[in-house]
Amino acid sequence: MKSRLILAGVAALASAVAMVTVVTATTAAAATVRYEAEAAVCTGTIDSNWPGFSGSGFCNGTNAVGAYAQFTVTTAAAGTATVGIRYANGTTVGRPADVLVNGVTRASAVAFDGTGSWSTWATRTVTFPVDAGSNTIRLNPTTANGLANIDYLDVTTDSAPSPSPCAPPSASPTAGQPKVTVWLAGDSTMADPSGGVCPVGWGNQFAQYFTANATVRNSAVGGRSIQTWLYDPNVTSTMDSSGECVISPVTYSSRWQAMLDATNGLKAGDYLLIQFGINDSTSTCPRHVGSARYQQLLGVMAAAVKARGAHPIFLTPVAAITCSGSTAVGNRGFLTETNNAASANGVPVIDLHRLSYTLYNTLGFCPNNGDYSAGPVGAFFCNDHTHFEAAGARQIAGVVAKALRDQQIPLAAYLR
Ligand code: GCU
Ligand code: CA
């Protein structure tokens with residue numbers, strides 16, 4: 001009962017997390033079907049001038065708000081669809097789009113950030129309920145730049161019923177389930193507090209969402225880039241001619257060695273959640289990490305985790321609070337890099353950047369044109385509007401827990 005009382009104090013979104021049942025055990029075999037843009041309705045032209053697309057072309061939507069691409073997707077039964085949207089955006093400006101399923105907005109302003117060039121394709125994944133039979137999935141651009149170029153949708157459905165939103169939480173550990181450790185690697189937005197009310201990282205508040213079969217081990221450290229986290233104290237203040245920080249000697253940090261330790265480190269079935277990309281954008285060494293290097297290091301971590309039979313999960317960096325008028329907007333980099341590394345290494349990615357500023361909008365954090373002192377922002381963020389107080393950290397942890405369920409990441413079987 002104690003856990004229910006604690007959860008009762010968490011805001012609506014986090015409470016909803018606790019009210020969803022785990023469906024892993026009953027999920028039927030999933031099937032993925034590709035729907036090419038050339039067979040969809042494209043408000044624009046089907047082009048083939050940028051290589052790397054699948055099929056015979058891609059949808060180059062008219063550059064305008066509402067110039068949509070619409071796919072008709074057929075599913076055998078009602079349930080949940082996980083939809084990978086392949087796209088390219090050769091500009092440096094994001095091209096957000098709403099996702100409407102059968103006319104209902106299921107995801108707002110999904111980010112289709114720059115991919116580096118029009119011939120560099122990336123995949124953005126969204127999850128939503130679908131009906132049995134025919135469903136329309138419309139990508140509706142919300143800015144005057146229109147859609148990114150759209151190549152296809154990969155639609156994965158399971159024929160199991162979607163989780164009931166009203167089923168009671170399973171507060172007790174599932175019998176026979178192996179115990180796992182949920183390891184965390186990240187920066188100050190994830191780290192345990194060092195004392196005082198600020199800052200408290202969301203990793204510090206994560207354990208309350210899990211049953212006793214999962215143990216959270218938070219190895220996030222304030223001020224770290226992915227590279228300094230991996231190589232402390234050996235990343236120097238010297239930048240080499242390629243623009244990367246010199247590491248000398250090239251020896252891993254004790255924290256990463258501890259995770260790799262054969263006896264006490266990651267074991268088969270464990271998880272490692274990795275969230276960097278905030279300190280990495282510093283222009284100077286030792287924190288600076290370039291785009292390619294960031295992707296490379298995510299790949300190194302993923303490979304080491306997988307080699308131990310454990311499961312990496314990447315997260316885009318949690319957003320600070322930035323108001324554009326009355327809307328909270330994103331303010332972090334390394335989004336494309338995280339998604340690219342996820343695709344390249346077959347690792348699930350939780351888009352915590354988008355999920356966090358979406359939460360800030362849900363909570364009404366931008367009431368009057370960027371006056372951060374107004375409204376409920378104060379109890380959520382530290383005075384720097386970047387780090388969290390415990391209440392904010394708890395809600396961000398709840399967002400991550402909900403994403404585990406929504407994205408059907410198997411660790412969700414350990415959620416309360
Ligand atoms: C260029 C590019 C198109 C793209 C367009 C845009 O014209 O060749 O593929 O759709 O820019 O900005 O939308
Ligand atoms: Ca276009």
Side-chain angles (χ1 to χ4, degrees), residues 33-73 81 83-126 128 135-155 281 291-292 295 316 319 322 324-325 327 329-344 349 351 353-354 357-358:
V33 179
R34 179 160 300 175
Y35 295 84
E36 295 283 358
E38 54 269 32
V41 179
C42 170
T43 309
T45 53
I46 300 297
D47 290 355
S48 56
N49 56 330
W50 296 110
F53 57 83
S54 149
S56 60
F58 55 83
C59 173
N60 166 1
T62 304
N63 296 23
V65 173
Y68 61 84
Q70 181 167 301
F71 296 77
T72 300
V73 166
V83 178
I85 305 167
R86 192 158 187 264
Y87 73 99
N89 175 359
T91 76
T92 54
V93 179
R95 296 205 174 176
D98 292 342
V99 178
L100 283 75
V101 182
N102 302 321
V104 177
T105 301
R106 293 294 186 180
S108 296
V110 174
F112 294 93
D113 290 324
T115 54
S117 79
W118 289 110
S119 49
T120 303
W121 300 85
T123 302
R124 174 143 302 278
T125 301
V126 286
F128 43 71
N135 294 266
T136 59
I137 299 178
R138 179 180 294 201
L139 309 179
N140 205 39
T142 58
T143 71
N145 289 327
L147 286 175
N149 288 345
I150 302 293
D151 186 15
Y152 59 71
L153 304 188
D154 264 351
V155 180
S281 63
S291 184
Q295 287 181 51
T316 56
T322 299
S324 170
T327 305
V329 294
N331 43 34
R332 298 294 188 207
F334 293 97
L335 310 177
T336 306
E337 289 84 348
T338 308
N339 285 311
N340 287 351
S343 306
V349 55
D351 192 359
H353 180 249
R354 184 177 57 79
Y357 69 74
T358 301

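First listed ligand is number 1; within each ligand, the first listed atom is number 1. One is the number of the first residue; the rest follow in order along the sequence.
- With hydrogens and angles ignored, the 3.5 Å screen pairs a side-chain donor or acceptor of Thr43 with a backbone N or O of Tyr68.
- Checked by distance only, ligand 1 and Thr91 stay at 3.5 Å or farther apart across all their nitrogen or oxygen atoms.
- Among protein heavy atoms, the minimum distance from atom 8 (O) of ligand 1 is reached at Trp50 NE1, 2.8 Å.
- With hydrogens and angles disregarded, a donor-acceptor distance shorter than 3.5 Å links the side chain of Asn89 to the backbone of Thr91.
- Nearest protein heavy-atom contact of atom 11 (O) of ligand 1 is Trp118 CZ2, 3.5 Å.
- Arg95 forms no cation-pi arrangement with Phe112, by the criterion of a distance under 6.0 Å to the ring centre and an angle within 45° of the ring axis.
- Set against the non-hydrogen atoms of Arg95, the atoms of ligand 1 under 4.0 Å away are 6 (C), 12 (O), 13 (O).
- For a distance bound of 3.0 Å, the N, O or S atoms of Gly61 include one lying that close to the Ca ion (ligand 2).
- Of all the heavy atoms in Ala88 and Ser117, the pair that sits closest is CB-O, 4.2 Å.
- Close approach to Asn149 involves these atoms of ligand 1, each under 4.0 Å from a residue heavy atom: 3 (C), 4 (C), 9 (O), 10 (O).
- In summary, an N, O or S atom of Asn60 is located under 3.0 Å from the Ca ion (ligand 2).
- Looking at Asp98 and Arg138, no side-chain N of the basic residue comes within less than 4.0 Å of a carboxylate O on the acidic one, giving no salt bridge.
- Defined by atom type and a distance below 3.5 Å, a donor-acceptor pair is missing between the side-chain atoms of Ser56 and Glu36.
- Inclusion of Asn63 in the first shell of the Ca ion (ligand 2) is supported: an N, O or S atom falls under 3.0 Å.
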